[in-house]
Amino acid sequence: MNKFLAMTNRAIRELGLLNASENIRYFAKVIRCYWPNRQFKSAHPEFKTPPRELAFDAYSAPDWDFYKTSGEGTAAFLATLIKQYQSSSPDGLKVLEWGCGPARVIRHLPGVLGAGTDVSGSDYNEKSITWCSRNIPGVTFLTNELNPPLKLSGNCFDVCYSISVFTHLSNDVCRAWVKEIYRVLKHGGIFITTTNGESKLEDLFPDEIEKYRSEGVVVRGNFEEGKKMYFACHSPKYLAENLFKCFEVLEHRSANFPFTAQDMWVLRK
Ligand SMILES: C[S@@+](CC[C@H](N)C(=O)[O-])C[C@H]1O[C@@H](n2cnc3c(N)ncnc32)[C@H](O)[C@@H]1O
């Protein structure tokens, strides 16, 4: 991002005007996606798409080609990882997505993981969960609050995953959710998650880089926590030694998660 734009964005955030600028961005995207979305709908009449505002709320793109293509690609990527790390029990897996939004990825998981897989998705956005429950078959959906707990008993999932959720939470809330995911995973279960890391340094201001280096965490607030404009960035060292330390780190890939420039973590309970 160029320096002028970055400074303008910072001023907009600090003045509390981000909501207004997001509304403008939403309408601009809706207009830009209008014809491509019409073409998508005529090519895929059976494919259910969420309300545009829910897609924008989750990942800024009310763009159905992106929703379908990135969702399918990410689900296939997750299935490969899951098979790699849970190969001893490929059937009958219980899988949870925390922060599933309007089902971009989770809707494809029963298909790619195969019959016998039990898939659940949770989100704190009740509108997304209402839409998912009415439109996406083969997945159980539930709501949670900004803070844990999940309405689920402990030790019940083989796999939990979250895509771009820690990236929008304060550190105390991240900490509480790491404990909660640990609670609902079975012993030996895996947690696949994404974070903003080193690759975001070029977008940070000098004072933020200093904070990243000294404390391991940078948070940009002045926006509703959990929403995409609430931004959090974590150093891998801080995550491995602090936030994720109750887990064994099986894999960390820098800026490598599909369709995002986020870090990917595979953790074992
Ligand atoms: C950037 S979006 C990603 C959505 C989805 N994971 C995807 O990749 O398409 C972040 C999602 O996390 C959800 N979220 C934020 N904080 C949450 C929390 N504390 N608990 C559950 N979901 C949360 C938001 O409502 C949103 O759907």
Determine all donor-acceptor pairs shorter than 3.5 Å in which one atom belongs to a side chain in residues 95-116; sequence neighbours excluded.
from, atom 1, to, atom 2, distance (Å)
Glu97, OE1, Tyr161, OH, 2.7
Arg104, NH1, Ser70, OG, 2.9
Arg107, NH1, Lys48, O, 2.8
Arg107, NH1, Tyr67, OH, 2.8
Arg107, NH2, Lys48, O, 3.1

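In summary, the aromatic rings of Phe77 and Phe257 are positioned with their centroids under 6.0 Å apart. Side-chain rings of Trp265 and Phe244 approach one another, their centers coming within less than 6.0 Å. Here Tyr26 and Phe56 bring their ring centres to under 6.0 angstrom of each other.
Listed by chain and residue number, Glu14, Asp207 satisfy the salt bridge (Lys or Arg N to Asp or Glu O under 4.0 Å) test with Arg10 (two or more places apart in sequence, or in another chain). With sequence neighbours left out, the salt bridge (Lys or Arg N to Asp or Glu O under 4.0 Å) criterion links Lys127 to no other residue. Taking Phe205 as the reference, nothing meets the ring pair (Phe, Tyr, Trp, His ring centres under 6.0 Å) condition, with sequence neighbours excluded. For Glu53, there are no salt bridge (Lys or Arg N to Asp or Glu O under 4.0 Å) partners, not counting sequence neighbours. Contacts of Asp57 classified as salt bridge (Lys or Arg N to Asp or Glu O under 4.0 Å), with partners at least two apart in sequence or in another chain: Lys227.
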Requested in this report: Using the salt bridge (Lys or Arg N to Asp or Glu O under 4.0 Å) rule, take Glu198 and Lys200 through it: C-alpha gap first, then chi angles, then the decisive distance, then the call.
Outcome: CA-CA 5 Å; Glu198 300 288 302; Lys200 292 288 187 291; over 6 Å; no
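A chain of hydrophobic side-chain contacts below 4.5 Å, direct or via other Ile, Leu, Val, Met, Phe, Trp or Tyr residues, connects Val165 to Ile181. Residues Met229 and Tyr124 are members of separate hydrophobic clusters, defined by side-chain heavy-atom contacts under 4.5 angstrom among Ile, Leu, Val, Met, Phe, Trp and Tyr.
Cation-pi geometry between Lys68 and Phe47 is met: the NZ or CZ atom falls under 6.0 Å from the ring centre, inside 45° of the normal. For the pair Lys29 and Tyr34, the cation-pi criterion (under 6.0 Å, within 45° of the ring axis) is not fulfilled.
Remark: of the listed residues Leu152, Thr140, Val184, Leu150, Thr140 is the sole one forming a side chain to side chain contact (heavy atoms under 4.5 Å, CB included) with Ser120.
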